[in-house]
K.L.:
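Below is one structure. I have some questions about it.
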Amino acid sequence: MPITIATWNVNSVRLRLPGVAALAEAHAPDVICLQEVKVAPELFPIEAVKALGYPYLRLESQKGYNGVAILSRLPLAPIESRQWCTRNDCRHIGALLPDGTAIHNFYVPAGGDIPDPDENPKFAHKLDFLSEMAAWSEELGSDNRSIVVGDLNVAPLETDVWSHKQLLNVVSHTPVEVAAFERVVAAGSWEDAVRAFIPPEERLYTWWSYRARDWSASDRGRRLDHIWVSPSLRDQLRSASVLRSARGWEPPSDHVPVLASLEI
DNA sequence: ATGGTTGTGCGACAA
């Protein structure tokens with residue numbers, strides 16, 4: 001059965017409902033994973049997403065900050081949430097598809113402005129979170145079918161940022177973060193579903209700052225949003241894409257949806 | 001170097 005999975009940091013699900021509808025209409029993903037839903041769980045627009053054709057929901061959210069959700073056309077079985085960095089800050093949610101494939105949706109801490117864990121506790125939290133993801137990936141093992149998606153807040157490749165040199169000391173592309181990110185990838189033998197179709201030589205971004213006068217003209221983007229699959233799903237991948245045009249939707253998120261299709 | 005914008009929710013704080 002072919003299945004399409006989308007991941008999108010919406011920066012408020014309530015403001016981005018028209019965008020979620022546009023995504024559903026244009027690409028008909030079977031599963032939509034959202035980050036930064038920024039809403040108290042009781043205020044999540046459940047009926048609106050049901051009306052878009054997504055009757056199954058897994059939600060881990062709180063008022064104001066963070067929050068992740070999985071919307072699905074297919075039934076979802078819950079995967080027990082665990083604690084990350086001894087906090088309950090709604091950065092991960094998991095679900096099982098009917099065939100047993102696990103989907104894990106992450107919102108990795110952004111890390112603040114100063115790329116020094118001693119000076120900046122937010123950066124320390126980000127590195128700790130990535131370390132825990134590596135340990136978790138190891139525990140998960142590689143003989144099950146798993147998919148990791150989300151806003152991982154790291155742009156690992158030189159072509160994942162508009163200027164490798166100018167971003168070497170900017171949080172999201174520092175060598176220490178990229179190394180931590182690569183340890184997660186190695187621990188789970190994760191396959192980068194997007195780079196499997198869009199060659200690493202090609203520049204590719206999923207986020208453009210709100211602060212640019214003209215995001216498209218300056219095009220100073222970063223690839224912060226990712227879809228990974230376990231080795232057992234590598235040969236099942238069929239396509240992947242980044243919905244750059246969504247950055248122009250009104251009102252825009254600063255992130256755009258990333259999609260992957262596979263045969264499960 | 002600095003400042004630029006958006007979101008939550010109504011004051012900062014996070015990104």
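Reminder, nothing fancy here: chain letters follow the sequence lines and each chain counts from 1. What you are looking at is a predicted structure, and each value in this text was computed from that prediction instead of being measured.
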K.L.:
For A:His226 and A:Trp228, work out which heavy atoms get closest and say how close.
P.N.:
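Closest approach of A:His226 to A:Trp228: CB-NE1, 3.9 Å.
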K.L.:
Figure out the CD/C1' separation between A:Glu36 and B:dT8, and round it to whole Å.
P.N.:
11 Å
K.L.:
When you compare B:dC13 with B:dG9, how far apart are their P atoms, in angstrom units rounded to a whole number?
P.N.:
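Approximately 16 Å lies between the P atom of B:dC13 and that of B:dG9.
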K.L.:
Would you say A:Arg14 reaches B:dG9's phosphate, i.e. side-chain N/O to OP1/OP2 under 4.0 Å?
P.N.:
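For B:dG9, OP1 or OP2 has a side-chain N or O of A:Arg14 closer than 4.0 Å.
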K.L.:
To the side chain of A:Ala110, which of B:dC13, B:dG9, B:dA15 is closest?
P.N.:
B:dA15
K.L.:
Tell me whether the guanidinium CZ or amine NZ of A:Arg91 lies under 6.0 angstrom from the six-membered ring centre of A:Trp84 and within 45° of its axis.
P.N.:
no
K.L.:
Classify the ring geometry of A:His104 against A:His92: parallel below 30°, tilted from 30° to 60°, perpendicular beyond 60°.
P.N.:
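Parallel.
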K.L.:
Between the protein and nucleotides 2-5 of chain B, which nitrogen or oxygen pairs are less than 3.5 angstrom apart?
P.N.:
unit_1, atom_1, unit_2, atom_2, d
B:dG4, O6, A:Arg211, NH1, 3.3
B:dG4, N1, A:Arg211, NH1, 2.8
B:dT5, O4', A:Tyr210, O, 3.1

K.L.:
Taking atom P in both B:dG11 and B:dT6, what distance in whole Å separates the two?
P.N.:
22 Å
K.L.:
Can a donor-acceptor pair be found, under 3.5 Å and without considering hydrogens, that links the side chain of A:Asp128 to the backbone of A:Leu130?
P.N.:
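The answer is no, because no donor-acceptor pair under 3.5 Å joins these two groups.
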K.L.:
Which part of the nucleic acid, if any, lies within contact of A:Arg91, taking any heavy atom under 4.0 Å across all strands shown: a base, the sugar-phosphate backbone alone, or nothing?
P.N.:
sugar-phosphate
K.L.:
How many whole angstroms separate atom CD of A:Gln35 from atom P of B:dG7?
P.N.:
17 Å
K.L.:
Specify the separation, in whole Å, of atom CD1 of A:Ile114 and atom C1' of B:dA15.
P.N.:
15 Å
K.L.:
When the C1' atoms of B:dC10 and B:dG4 are considered, how many whole Å apart are they?
P.N.:
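Looking at atom C1' only, B:dC10 and B:dG4 are 23 Å apart.
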K.L.:
Assuming nearest nucleotide by heavy-atom distance, tell me which of A:Asn66 and A:Ser12 is located more 5' along DNA chain B.
P.N.:
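The residue closer to the strand's 5' end, by nearest nucleotide, is A:Ser12.
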K.L.:
Whole-Å distance between B:dA14 C1' and A:His125 NE2?
P.N.:
13 Å
K.L.:
What's the CH2-C1' distance between A:Trp207 and B:dA15, to the nearest Å?
P.N.:
8 Å
K.L.:
Can you name the closest pair of heavy atoms from A:Pro252 and A:Arg16 and give their distance?
P.N.:
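The pair with the smallest heavy-atom distance is O-NH1, 3.2 Å.
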K.L.:
Please state how far atom CZ in A:Arg247 lies from atom C1' in B:dT6, giving the value in whole angstrom units.
P.N.:
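Checked: the CZ to C1' distance equals 10 Å.
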K.L.:
Between A:Asn9 and A:Ala40, name the one whose nearest nucleotide on DNA chain B is closer to the 5' end.
P.N.:
A:Ala40
K.L.:
Please give, in whole Å, the distance from B:dA15 C1' to A:Arg16 CZ?
P.N.:
13 Å
K.L.:
Is it the case that A:Ser146 and A:Ser230 place a side-chain donor and acceptor less than 3.5 Å from each other?
P.N.:
no
K.L.:
Measure CG/A:Asn11 against C1'/B:dA15 and give the value in whole Å, please.
P.N.:
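In whole Å, B:dA15 C1' and A:Asn11 CG are 8 Å from each other.
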K.L.:
Given the P atoms of B:dG7 and B:dG3, what is the spacing between them in whole Å?
P.N.:
22 Å
K.L.:
Nearest to the side chain of A:Lys63, which nucleotide is it out of B:dG7, B:dA15, B:dG9?
P.N.:
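Within the option list, the nearest is B:dG9.
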K.L.:
I need the minimum non-hydrogen distance between A:Phe181 and A:Leu152, along with the two atoms involved.
P.N.:
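So the minimum-distance heavy-atom pair works out to CE1-CD1, 3.9 Å.
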K.L.:
Between A:Asp160 and A:Arg195, is there a salt bridge with N-O shorter than 4.0 Å?
P.N.:
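Salt bridge flag = yes for A:Asp160 with A:Arg195.
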